[in-house]
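To find a chain, count down the sequence lines: A is the first, B the second, and so on, and within it residues start at 1.
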2 protein chains.
Amino acid sequence: MPPASRVTIRDVAEHAGVSVATVSKVLNERYGVAAATYARVRAVIEELGYEASLVAQSLRNHRTNVIGVLVADLEPFSTELLKGAADAIRGSGFELVVYSAGGRTGDREGWERRYLSRLSGTLVDGAILVTPAVAHAGLTGTPVVAVDPHTGPTEVPTIDSDSLRGGQLATEHLLSLGHKQIAMLTGRADLRSAQLRETGFRRALGAAGLAVREEFVVPGGYDAVVSARSARELLSRPDRPTAVFAANDLSAIATVAVARELGLRVPEDLSVVGFDNLPESALCTPPLTTVDQPIRQMGYRAIVMLIGLIGDPEPHDRRGRPAPVVQGQPTHQTLDTKLVVRASTAAVPTTLPSAS
Amino acid sequence: MPPASRVTIRDVAEHAGVSVATVSKVLNERYGVAAATYARVRAVIEELGYEASLVAQSLRNHRTNVIGVLVADLEPFSTELLKGAADAIRGSGFELVVYSAGGRTGDREGWERRYLSRLSGTLVDGAILVTPAVAHAGLTGTPVVAVDPHTGPTEVPTIDSDSLRGGQLATEHLLSLGHKQIAMLTGRADLRSAQLRETGFRRALGAAGLAVREEFVVPGGYDAVVSARSARELLSRPDRPTAVFAANDLSAIATVAVARELGLRVPEDLSVVGFDNLPESALCTPPLTTVDQPIRQMGYRAIVMLIGLIGDPEPHDRRGRPAPVVQGQPTHQTLDTKLVVRASTAAVPTTLPSAS
DNA sequence: ATCGTTGTCGATAACGTTTTCGAAGGTTAG
DNA sequence: CTAACCTTCGAAAACGTTATCGACAACGAT
């Protein structure tokens, strides 16, 4: 019982009276070891409690079996996504490292760039970028998939959801309730999803023959505190809107809080619809009408896609068996969004709230 | 621009006209390299965009700078803890791997055992066990700290919160509101925290001169679905309790849902107090009275303690400087709990609810 | 001149694996 | 009996680092 030094493949080899090469072969189920030897080595492995060093294997194999997830912060969206990723990782033979930048939103870009570059010669076989800010220019050959990517054209494999349609659904719902003065809290300006939700909003209004009042589309930044600030201004106006579409649930919840604080009842005096369908949005008061986005699914798909991109290690000589070559799955996936109506929206009051 | 093969320390050495030994020295800021050489090598590193291979370093140094967090599932508690851990990890030079067993609660013990054994010869320098089920018998010399550990005596360094006092606080709060028929949904039987919350409950009742009705303490398992089942039975009784103390917020929220479903109003007909103070417990309807447990803090402290246990790598020859030896910090920490009163509890109705 | 001393640097042996490739022995075919 | 093959195995070269330790030069002091 040597508690100090780890038991290595050499120890196993000596105890079994074979070479390390042979031990390695039985470990990897390679062809060319006699049944008797195989059994003996297996027994010694069991007896010594040997576990191969992942580090040494990685060095030799150029593959760590680790996937990195880069999130700016562990807010509800990332958290939910992480669950899906964890589901997908299970049994895949990969591990999950979580890189979180943490509170400081200022140097988000710098932080991402730094990690992206480190990513080159380092721990992970591939990475998932959650709501990334950077264009990830000149990446290092390490496979990457982005979830809800930044705006602008990108060659990076991507998972997102149908934000355009989602934005339309939300807005149409409000319109169908009779609302005409509808405001929007937009999302993080650098993300494509935010842009699309806003276009969805504008299109729906346009289709209904309504002009958008630019002073009614205010920044929310996918963030609770900036949303609260904008909501306060918006709802303090004498000609305040009767409904607001928030670009995500965090913003919507913040809006509800501000409304309550200003003495407005939701949904009687103000309808609010969010976007995301976080678990907490069903719990809050009132339960939030929102656009469902299959976040866990997105995390799951992202991992699956990434693993596909990483590919199998060369099957080598294990008695023939040509590599299956499963290439060719699509490199962009957009998942469906749908409206879920709960209690934060209601028909516009017949008596207009003091507007003209 | 060779996009294929990574740039290695040898490349840098050649470009700079020095040996790999020298490059390694400048990388690690070792003593004994001339200023001119240092600058030249640094320049080449920059130019080539060289990043040292963490894998090779790990192999050589016997240290991976990775910390593992083992969670059974990514429920709110683990998630919150993870945030604290992520905060603490930042700038520490370590990375965080998350191992999640996932839904399947059946083989929890088997899963833990498996990972614990793998942990021996593997990726991480240390690990954090969140609500572990196993005694982690004969661990491998890898430092480990447990958060909210299993019952029974344990030598493992531990972080938890004062569940005993928390249980008492919750119960005393209900008592002070005039409740006499108080039920409890217990937690996961294998966890010390669950046991202590129950003792706190019993002690408080005892101190108030009330006998505990054993049919009122029912299993909740820290789990929403088993709690819901127990709550349904409990609240269907003709002599149902007027208040219930749930061992965690998940159970409390489930109880509220069941109550609503049975036509009981919370808090008018039934008071509910939880335990954890999850973020969502402030959002739900009604906002939950609960015992606050500083979960993020616990995650933070766990990482700090673990890093302390791992210790600095030998400082070697970087020009003297004896190792500081920061040993001796306590190996068990119990954080304070406190009651936060919100809207799910109220005074017991003066007219008894049809009981004798 | 000679002898330490000091300052720089590089060859090299690890770290724990996996894979190649050739050697040794056994079997079968001619 | 020889040639060809197949099976089983081990020696050794990688993989990309870091630490040791000796070589070598320059220099001041005797």
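- Put simply, CD1 on B:I9 is 14 Å from C1' on C:dT12, counting in whole angstrom units.
- Here A:T8 reaches the OP1 or OP2 of C:dT17: one of its side-chain N or O atoms lies under 4.0 Å away.
- Using a 4.5 Å cut-off on side-chain heavy atoms (C-beta onward), A:I67 and A:I89 make contact.
- In this model, the phosphate group of C:dG7 is approached by a side-chain N or O of B:Y31 to a distance below 4.0 Å at OP1 or OP2.
- The residue among A:L27 and B:A35 whose nearest nucleotide of DNA chain C lies closer to the 5′ end is B:A35.
- The side chain of A:Q57 sits closest to C:dT17 out of C:dT17, D:dT8, D:dG10.
- Within the structure, a side-chain polar atom (N or O) of A:N28 is placed less than 4.0 Å from OP1 or OP2 of C:dT18.
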Original post:
Could you walk me through whether B:R296 and B:D87 pass the salt bridge (Lys or Arg N to Asp or Glu O under 4.0 Å) check?
Top reply: CA-CA 9 Å; B:R296 285 180 78 136; B:D87 288 345; 3.0 Å; yes
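- With rounding to whole Å, B:R30 atom CZ is found 18 Å from C:dG7 atom P.
- Residue contacts shown for A:A21 include a base, since a base heavy atom lies under 4.0 Å away.
- Separating the CG atom of B:L59 from the P atom of D:dT18 is a distance of 11 Å, rounded to the nearest angstrom.
- At most 12 non-hydrogen atoms from other residues, nucleotides or ligands lie less than 6.0 angstrom from OH of B:Y300.
- For B:R60 against D:dT17, a side-chain-to-base donor-acceptor contact under 3.5 Å is absent.
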Subject >> Residues B:Y99, B:E112; criterion side chain to side chain donor-acceptor pair (under 3.5 Å); working and verdict >> reply: CA-CA 10 Å; B:Y99 299 89; B:E112 274 183 22; over 6 Å; no
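- Heavy-atom nearest nucleotides on DNA chain D were determined for A:R40 and for A:V20, and the one closer to the 5' end corresponds to A:R40.
- Atom NE2 of B:H62 and atom P of D:dT17 are 17 Å apart (whole Å).
- Considering only side-chain N and O atoms, A:S53 lies nowhere under 4.0 angstrom from the phosphate OP1 or OP2 of C:dG16.
- No side-chain heavy atom of B:L306 sits under 4.5 Å from any side-chain heavy atom of B:D125.
- Between A:E14 atom CD and D:dA11 atom P the separation is 12 Å, expressed in whole Å.
- Within the structure, every side-chain polar atom (N or O) of B:Y38 is placed at least 4.0 Å from both OP1 and OP2 of C:dT8.
- Contacts of A:S58 with the nucleic acid, taken as non-hydrogen atoms under 4.0 Å apart, are absent.
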